[in-house]
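Presented below is the structure to which this report refers.
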Amino acid sequence: MELKKSYSPEEIEDKWYDAWERNGYFKPDQDAEGSPFCIVIPPPNVTGSLHMGHALNATLQDVLSRWKRLRGHKVLWLPGTDHAGIATQNVVERELAKEGLDRHRLGREEFIERVWKWKADYGGRIIHQLKKIGASCDWSHERFTLDDGLSQAVREVFVRLFEEGLIYRDNRLINWCPRCHTALSDLEVEYEDLEGKLYYIKYPLEDGVHYLTVATTRPETMLGDTAVAVHPDDERYRRFINKVVQLPLTGRRIPVIADTMVDPTFGTGIVKVTPAHDFNDEATGKRHNLPFINVITEDGSMSPEAGERYNGLDRYACRKKVLDDLKELDLLEGEKKHSHSVGHCYRCKTIIEPLLTIQWYVRVETLATEAVAAVKRKEINIIPDSWENNYFAWMRDIKDWCISRQIWWGHRIPVWYCPDCRTDDGILQGDLIEHIFFEPVKLSDGAMIQSGTYSELRRLGLSKEEIINNSKVIRIPKSVIPVCGREDPKVCPNCGGDVIRDPDVLDTWFSSALWPFSTLGWPGKTDDLQTFYPTSVLVTGFDILFFWVARMIMMGLKFMEEVPFRDVYIHALVRDAKGQKMSKSKGNVIDPLVMIDKYGADAFRFSLAAFAAQGRDVRFSEERVEGYRHFINKIWNASKFMLMYKGSWTRLPVSPADVGLDLGSKWVLSRLSAAAEEVHRNLEIYRFNDAANTIYQFLWHEFCDWYLEMSKPLLYNEESAGRTGVINCLYFVFEKMLQLLHPLMPFVTEELWNTVLDKDYSIMTSRYGGDLPRDFDTEQKMGYLIDAVTGIRNIRGELNISPSVELRADIRTASGDVEALFRENSEIFKKMARCKEVNIGPGIKRLKGSAVSIKNGMEIYIPMEGLLDVASEVSRLEKEIAKVESSLAFLNKKLQNDDFMSNAPREVVEKERIKFDDLVKKEQKIEENLKLLRSIDR
RNA sequence: AGGCGCGUAGCUCAGUGGGAGAGCGCUACCUUGACACGGUAGAGGUCAAGGGUUCGAUACCCUUCGUGCCUACCA
């Protein structure tokens with residue numbers, strides 16, 4: 001088979017991927033003798049498109065999966081996507097808006113159908129884009145968080161947590177996105193510093209004389225103030241404590257309270273307290289039993305409680321109006337610029353509104369304690385371990401997890417309420433459940449109605465369906481008793497009446513938290529679960545350590561009574577070459593698919609792996625990808641070289657113990673062992689960059705630069721004794737090399753495995769056996785050869801001798817072993833050093849006009865027949881002797897130092913002494929030669 | 001404010017208690033029978049600064065400066 005002049009990835013990548021998939025090589029090998037190895041992919045959003053983070057993440061997982069397969073493990077890499085509740089709903093809502101529709105007009109069921117249809121058409125592409133980078137996921141195991149099986153797991157988990165009292169409802173301030181119209185968890189809020197204003201507002205005291213000036217960034221919330229607070233020790237205001245102020249614009253009388261949360265140095269030292277619209281004030285309000293007045297609604301506009309003048313205004317329009325009104329009343333004392341951090345919705349970037357609502361929560365305290373203990377006990381290793389502290393710190397301060405979302409796309413909360421039953425306090429529940437319609441509904445008598453309690457609306461003649469289907473907001477107070485179960489109740493289990501289902505769905509992360517076991521078939525007792533749980537390693541970015549990793553650990557421990565994974569490998573974020581986070585708005589996004597198009601998947605993957613040093617961000621630069629494409633080209637050309645000798649390849653196995661093998665072959669076998677050992681060791685501890693560099697170094701600089709070059713004299717001479725050995729060794733090393741490289745570069749290695757090695761099975765199904773033993777004696781011998789060759793090349797380069805000039809080398813050897821070595825390998829040596837004549841022996845003398853290279857155990861003379869530029873050679877040797885002397889001075893100081901001699905470990909002292917002795921010898925010899933140069937050659 | 005990290009060759013980055021490495025770039029030479037996406041050689045660093053521990057510090061500790069991120073707060 002012929003290979004083209006250079007490597008064209010596009011011609012082979014799809015071909016091999018299809019073949020692998022068709023042959024089922026991505027499925028766990030049932031005959032594998034090794035232990036099971038399982039990775040569940042961090043499921044990307046179904047709406048997403050592939051970015052560099054996914055590419056890095058998937059590459060690392062694929063490297064591990066492929067490497068483990070080669071090592072004989074039964075490997076499952078399980079792919080899938082999550083349903084991304086808010087994001088996906090947003091996408092489809094935007095689509096509807098283009099058609100002049102909205103989800104309420106469409107209705108819940110029809111809307112959900114639309115989302116499924118969208119998903120079928122566009123969703124989940126991202127995961128299949130991974131095929132382009134060669135991801136060896138078992139696609140027959142692909143999962144989606146809203147699949148039936150996973151939904152069943154969600155149901156089971158919810159019900160059990162509910163039954164155990166670990167899930168509860170509560171009325172608290174939550175982060176609310178007025179645009180997405182849903183609650184968000186603390187983690188889903190992104191804070192950003194904004195330039196705002198601090199407004200100083202006068203609150204008149206009841207005495208009609210004094211007033212207190214508060215400073216606020218959100219004047220519109222004053223309509224909901226229920227107190228003014230000062231620090232108890234603040235002398236300026238102490239006398240006002242327990243007095244009453246008239247809240248401007250409302251006339252409400254509110255108390256002046258003392259609370260230590262007030263910072264006397266900020267603003268005026270007087271704080272307005274709005275318990276229903278600020279997290280700090282909520283706490284203050286609870287401490288002081290203040291009323292909570294909700295002046296802002298779910299869509300970010302002012303509520304009737306804000307007063308008739310402001311009711312219905314958008315929160316920012318209201319701010320302006322409030323300020324105008326205050327100015328009018330001369331109660332606005334001033335304003336100044338103020339930069340502060342403001343929460344934004346992580347999905348749509350709308351400014352968050354803290355809102356008092358009833359939500360579902362998971363009580364995480366005990367779950368978190370267990371999850372911390374598991375990491376402390378090393379049942380889970382977080383790598384790099386610097387992330388452990390981060391994990392512990394977060395878990396220590398963890399707050400209960402708000403899991404309800406007021407959207408439609410997701411796992412609907414399996415809870416129902418009966419309007420006909422009564423609360424524990426004896427109140428009819430239907431009287432407590434409030435509905436707000438998305439548009440006014442016409443009653444049978446022609447009147448229009450916008451909202452009301454369930455009971456009222458029923459009395460007005462609306463059916464249950466009409467009420468539910470028209471509701472934009474349903475408020476169900478805490479006292480209404482929830483009915484939760486594994487089966488959907490048709491009627492109320494107590495009274496047999498109609499029940500209303502909780503309108504909310506669960507946070508997407510709730511289902512993601514179950515991913516390591518729900519994907520393997522839980523709550524069923526499946527073989528997959530038996531074989532692959534706990535999974536081996538989770539590979540993910542640190543940005544979802546809390547969102548996801550911590551929650552998986554909690555849920556895994558709770559429901560599987562076993563950690564979800566043994567290792568968590570946290571990789572870095574991919575940034576651009578300047579270290580900036582890639583983002584669409586900055587326009588510095590690099591599309592992985594474009595990289596693959598340009599450079600091929602192998603070069604791209606190899607770059608990512610080589611960049612993935614632990615604990616540091618990846619600064620991605622296209623130049624490096626280009627560099628690694630050159631590396632592939634190097635492999636490609638080495639392959640072409642090998643193909644020339646394929647006819648003579650006897651396919652006999654080789655080993656370093658083969659007596660017939662030449663020095664170079666024995667050497668390369670030993671170096672291969674060293675490289676392989678290092679690659680395996682590095683992958684074992686997730687040092688992807690070290691693994692990549694090891695194989696790069698071996699392949700290019702040892703195999704190509706030295707071994708291929710050394711083998712040429714033997715290969716060119718068809719009569720040479722070692723020829724067959726060299727050819728067999730070349731192919732043997734090549735095969736092992738391809739296997740070592742395969743996890744990093746699956747495509748090109750498969751191509752060469754087939755074309756160069758003529759294998760009748762895929763490299764994917766091959767096994768990398770044990771390593772051969774090192775041969776240190778050979779490595780040392782080769783060291784002499786390399787030293788001598790390098791010395792001569794150095795002379796050639798420094799003295800500007802053309803490579804076409806063949807030199808004569810006179811080598812004085814210090815031992816018989818070295819002499820024998822050069823005699824045995826003189827042909828190879830001549831070729832490598834480009835010499836036509838080599839004289840070797842202990843009695844060799846320097847000829848006049850020779851350049852010199854002093855090496856350990858040998859002195860090399862290059863006679864130049866009067867052409868030697870004595871001045872350059874003198875300065876060259878002087879430079880070298882200067883180096884030697886400075887080293888000697890340094891070593892001498894050390895060896896003269898009694899403290900060093902008595903305190904340093906013996907082997908260090910010994911090492912330094914040997915170094916010193918060698919350098920002394922070297923110095924003497926260079927000195928002698930300099931003397932000769934200065935006298936005879938002058 | 002608290003926490004975590006980073007600062008090593010022109011650039012991007014590895015690294016280690018015993019006088020620093022790679023890739024790219026640069027310089028010189030070379031179309032030598034796999035490869036110019038190549039070969040050979042070379043130049044280039046007070047390992048941010050200061051102090052401490054140590055026989056010995058680029059590495060460990062402290063301080064400072066610069067820089068990035070995370071968490072919290074910001075009335």
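Residue numbers begin at 1 in each chain, while the letters A, B, ... track the order of the sequences.
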Side chain proximity check, A:P275 to A:T284, heavy atoms < 4.5 angstrom: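 When only atoms from C-beta onward are counted, A:T284 and A:P275 do not touch, as no gap falls below 4.5 Å.
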
Please classify the nucleic acid contact of [X] as base, sugar-phosphate, or nothing, using heavy-atom distances under 4.0 Å.
X      : value
A:R396 : nothing
A:Y716 : base
A:H701 : sugar-phosphate
A:L198 : sugar-phosphate
A:M644 : sugar-phosphate
A:A393 : nothing
A:N389 : nothing
A:V262 : base
A:V908 : base
A:E709 : base
A:S802 : nothing

Rounded C1' spacing from B:rG15 to B:rG3 in Å: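 It works out to 26 Å between them.
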
Integer angstrom distance from the P of B:rA59 to that of B:rU16: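 Straight-line distance between the two P atoms is 13 Å.
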
Tell me which nucleotide among [options] gets nearest to the side chain of [X].
X      : options                : answer
A:P803 : B:rA14, B:rC29, B:rG18 : B:rC29
A:D705 : B:rA41, B:rG39, B:rG23 : B:rG39
A:R834 : B:rU32, B:rG38, B:rA34 : B:rU32
A:K879 : B:rA43, B:rG23, B:rG15 : B:rA43
A:N794 : B:rG19, B:rA41, B:rG23 : B:rA41
A:K634 : B:rG39, B:rC24, B:rG19 : B:rG39
A:H630 : B:rG18, B:rC35, B:rG38 : B:rG38

Watson-Crick and G-U pairing of RNA chain B, under 3.5 Å, as dot-bracket with | and [ ]: (((((((..((((....[..)))).(((((.......))))).....(((((..]....))))))))))))....

Parallel, tilted or perpendicular: ring planes of A:F606 versus A:F631, cut at 30 and 60 degrees: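 If you compare the ring of A:F606 with that of A:F631, the planes turn out tilted.
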
Aromatic-base stack, A:W636 on B:rA34, cutoff 5.5 Å, angle under 30: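 Here the ring of A:W636 and the base of B:rA34 are not stacked, as the 5.5 Å and 30° limits are not both satisfied.
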
CG on A:L730 to CE on A:M737, rounded to 0.5 Å: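 The CE atom of A:M737 sits 9.0 Å away from the CG atom of A:L730.
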
Near-strand residues of residues 895-904 of chain A, defined as heavy-atom separation under 4.0 angstrom from RNA chain B: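 Contacts with RNA chain B under 4.0 Å: A:N897, A:D899, A:F900, A:N903, A:A904.
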
